[in-house]
2 protein chains.
Amino acid sequence: MAGPVVRAVRQTTLASEAMARTDRVAGGGVALAPRMVTIYDVARQAGVAPSTVSRAFSRPGRVNAATAERIRRVADDLGYRANPVARALSTARTNMIAVVILDIANPFFAEIVRGAQAAAAAAGYTVLLADAQESDRLERSALERTVTAVDGIVLAGSRMSDSAIRMISKQKPVVVLNRAVVDAPCVVTDNPRGARLALEHLAALGHEHVTYLAGPEASWADGTRWRSLRESAPALSLRVRRIGPFTPDVPGGVQAAEQFAAAPTSAVVAYNDQLAIGLVRGLAARGIRVPGDVSLIGFDNIAAAELVTPGLTTVAAPLYAQGATATRHVLAMIEGGRGHTGAPAVLPVRLVVRDSTAERHGVGRPRPVGAAAALPMAR
Amino acid sequence: MAGPVVRAVRQTTLASEAMARTDRVAGGGVALAPRMVTIYDVARQAGVAPSTVSRAFSRPGRVNAATAERIRRVADDLGYRANPVARALSTARTNMIAVVILDIANPFFAEIVRGAQAAAAAAGYTVLLADAQESDRLERSALERTVTAVDGIVLAGSRMSDSAIRMISKQKPVVVLNRAVVDAPCVVTDNPRGARLALEHLAALGHEHVTYLAGPEASWADGTRWRSLRESAPALSLRVRRIGPFTPDVPGGVQAAEQFAAAPTSAVVAYNDQLAIGLVRGLAARGIRVPGDVSLIGFDNIAAAELVTPGLTTVAAPLYAQGATATRHVLAMIEGGRGHTGAPAVLPVRLVVRDSTAERHGVGRPRPVGAAAALPMAR
DNA sequence: GTGAAAGCGCTAACAC
DNA sequence: GTGTTAGCGCTTTCAC
């Protein structure tokens, strides 16, 4: 029965020290970290037990209304702030989740992070953002430092192998975004449908040949997009081909323009919006205009897609919803136990038509002159 | 003397429980959270005291090399991972700092965050990114949830009042970026010099009238940039005027084009690069070309500045260095005590000349036709 | 509804 | 060098 003794000693110590500290602060010396006020301080002042103070905050309702009110007032007066670290130690819950992204400079992730943050905040969780900077190594080390400090993880973008992902998903709840990993809960967008919508739109505009600008080979999204394109093409009497891979950013698109211009088609679908935007630039430098000479469709509908000229027609992925959904999944796993490791959750897409697509060679209107007229059909 | 008893009880409990747990896991039932391995487990297995295990990890060198090696091996075998929460509770250090930004979609902050993250990682700290989403309210609530959980804070962008900032800087080490707040350590860039460089460049190109596209009125950077522009102009026989404020993003620049076109000048300096990029778009829609008709200079040198057409001439702020410097400051305050609250640390700038600036009306070359020729000089 | 006491996993005096 | 011991501030049975 030593506990009581220990506590008694501590309390007397506090009682006298508190005075001393207060005096010193009043004296003007100590400014930073003047010792935090704890539930013990509040308890003493309010004439209740520390455990009651604890309940008053973490389990309102389990304590007499009047007492609770008094405690709140005292706490306010004393400037009490719950210490999340202490709470985390005894509950084994930090109320933080990690969101891992590939690149903080990639606008694609901005909206996802927003959605994740909102969903987390709504549940009383804080998001710890980890930027992998497109590096497997950095991603691992960031995760290394992080896993132990969070309750769950959203892999919004990951360069790690499937098995590495399965590994950490054994330690903490993990949800993978935009990638299907066996044995791990996933949230993906409906790429097949997106590809079909894009092709239908192009077919309706009279296009017959479509070039796909490929993204990173390691990208799961790239794989499904290209496959879906190929599968949807025949029914629409369309022919598709693939060039690349290109780095999925604006410079990558500029580079793609060079390769594309060597054997152009009247329509292009790009792996993502950045690549598409880069392509417009690259083509412009060669006198090839979008949509006059080439119709172009991107993927993702990042914010910039509607700002560029011409406005980019694109397959809109619900970025914000992706972040929010994935986050809610981890949260559910944290609270409820295992998440359904079955089929990935599929989020809907829609085609946003802007100004980068037009009828092939201005069918029904005066034919264009210059570069466009000279474009040979590939294949 | 109850401590020993308590510990003894705990240890026996662990000893038997550990076995039971292991069996259960082997049985295939429990996967997540099978009870973490602690220093006690390692200590017992290695035949040393828990404190020795603790030292072996947190203070290598203070323990016999052979013992340390053995401990490391045992820890590895058992899959021991230090619990940062427990460590934080006893040391009152979480080894995390918060970096508050205005908007995660704003590319300006991407590099700053990178710099902060690198500097933090180098010191064994983790960055907790807090996106204020341009909202005072959200910023406060994010900070509210965060202050208690971190050792220090970098305010990379803040919509809070000076007094609110001083308030939290009393609770935790805070460094303010790109803003001068009395009584708080600050890191700013040399805006006066940047403004002078911009004007000198324009003057050398033969320009005489310069329009400044203003950013947010609450922005400290906007204030210093405009003031510096005004102060440097006379010596260069330049006349400057100011229009705005505009929202500091691409749409803001498009909007600025409308107002600017009503009374154009041959040269423009924009509050930031996004505004400048938007202006190019807005002017293009009106048939006014950059740099043919108007020379344009931005601020910050965000990544996109060299990707747009024409490449943007801009006053380059050392974004990465800003984040790293500010972070090192908080870190120093955390370790060392108070930071120097004196004059703000000033980071150097340089002018990056690209393609958005040219000689006024193509001096010495054929005069331009069309819109440019019709531009009246304001004032 | 409230109090007493144990304990979360780690660090840090303080002995030896 | 290493062990012993007392907390860090909170939550949580278990009594009453």
Side-chain angles (χ1 to χ4, degrees), chain A residues 1-11 13-14 17 33 35-44 46-71 75 80-95 148-149, chain B residues 1-11 13-14 17 33 35-44 46-71 75 80-95 148-149:
Chain A
M1 299 293 108
V5 176
V6 172
R7 196 49 88 193
V9 170
R10 195 232 283 240
Q11 300 221 15
T13 311
L14 282 187
E17 269 200 3
R35 199 185 68 72
M36 290 312 272
V37 3
T38 73
I39 50 171
Y40 289 94
D41 302 323
V42 178
R44 192 162 3 89
V48 296
S51 52
T52 306
V53 176
S54 171
R55 287 188 199 102
F57 285 105
S58 47
R59 227 172 284 280
R62 298 262 303 161
V63 69
N64 181 297
T67 328
E69 177 49 31
R70 181 157 40 94
I71 291 176
Y80 168 74
R81 317 272 310 145
N83 180 332
V85 174
R87 177 185 309 226
L89 183 57
S90 68
T91 59
R93 285 284 172 75
T94 60
N95 278 316
T148 44
Chain B
M1 302 287 109
V5 177
V6 171
R7 198 47 92 191
V9 170
R10 194 229 287 236
Q11 300 222 15
T13 310
L14 283 186
E17 269 199 3
R35 198 184 70 71
M36 291 312 272
V37 176
T38 74
I39 51 171
Y40 290 93
D41 303 323
V42 178
R44 190 161 6 87
V48 297
S51 54
T52 305
V53 177
S54 171
R55 286 188 200 105
F57 286 105
S58 47
R59 229 174 282 283
R62 298 262 302 162
V63 68
N64 182 297
T67 328
E69 179 49 30
R70 180 157 40 95
I71 291 175
Y80 167 75
R81 317 272 309 148
N83 180 332
V85 173
R87 177 186 308 226
L89 183 57
S90 69
T91 58
R93 286 285 172 76
T94 61
N95 278 320
T148 44

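Since this is a predicted model, take the numbers as computed values, not measurements. Within every chain, numbering begins at 1; the chains are lettered A, B, ... in the order of the sequence lines, protein sequences first and strands thereafter.
- Separating the CZ atom of A:Arg44 from the P atom of C:dA4 is a distance of 14 Å, rounded to the nearest angstrom.
- In the set D:dT2, C:dT2, C:dG9, the nucleotide with an atom closest to the side chain of A:Val63 is C:dT2.
- Within the model, atoms CZ of B:Arg70 and CG of B:Asn64 stand 8.5 Å from one another, a figure rounded to the nearest 0.5 Å.
- Between A:Tyr80 and D:dC10, a side-chain N or O to OP1/OP2 separation shorter than 4.0 Å is present.
- Smallest separation of non-hydrogen atoms from A:Thr148 and B:Ala82: CG2-O, 4.0 Å.
- The base of C:dC10 lies close enough to the side chain of B:Tyr40 for a donor and an acceptor atom to sit less than 3.5 Å apart.
- Within the model, atoms OG of B:Ser54 and CZ of B:Arg62 stand 11.0 Å from one another, a figure rounded to the nearest 0.5 Å.
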Q: Start with the C-alpha distance between A:Asp41 and A:Arg35, add both sets of side-chain angles, then the distance that settles side chain to side chain contact (heavy atoms under 4.5 Å, CB included), and finish with yes or no.
A: CA-CA 11 Å; A:Asp41 302 323; A:Arg35 199 185 68 72; 3.5 Å; yes

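- Across all non-hydrogen atoms, the minimal contact from B:Val85 to A:Leu89 is CG1-N, 3.5 Å.
- Between A:Val37 and A:Tyr80 the shortest heavy-atom distance is O-CD1, 3.3 Å.
- As a whole-Å value, the separation of B:Phe57 CZ from C:dG9 P is 16 Å.
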What pairs of nitrogen or oxygen atoms, one from the protein and one from nucleotides 12-16 of chain C, lie under 3.5 Å apart?
unit_1	atom_1	unit_2	atom_2	d
C:dA12	OP2	B:Arg59	NH2	2.4
C:dA13	N6	B:Arg55	NH2	3.2

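- Taking atom CD1 on B:Ile39 and atom C1' on D:dT5, their separation rounds to 13 Å, with Å as the unit.
- Per the geometry, CZ belonging to B:Arg93 stands 18 Å off C1' belonging to D:dG9, to the nearest Å.
- Closest non-hydrogen pair, A:Ile39 versus A:Pro50, comes out as CD1-O, 3.9 Å.
- Residue B:Val48 is in sugar-phosphate contact alone, with no base atom involved, counting any heavy-atom pair closer than 4.0 Å across all strands shown.
- A straight line from CD of B:Glu69 to P of D:dG1 spans 17 Å, rounded to a whole angstrom.
- If you check D:dC10, D:dG1, D:dG9 against the side chain of B:Leu89, the one that comes closest is D:dG9.
- Protein atom CG of A:Asn95 is 20 Å distant from nucleotide atom P of C:dC8, rounded to whole Å.
- Residue contacts shown for B:Ala92 are absent, as no nucleic acid heavy atom lies under 4.0 Å away.
- Rounded to whole Å, the distance from CG on B:Asn64 to P on D:dG3 is 11 Å.
- Considering only the side chain of B:Ala49, D:dG3 comes nearest among D:dG3, C:dT11, D:dT2.
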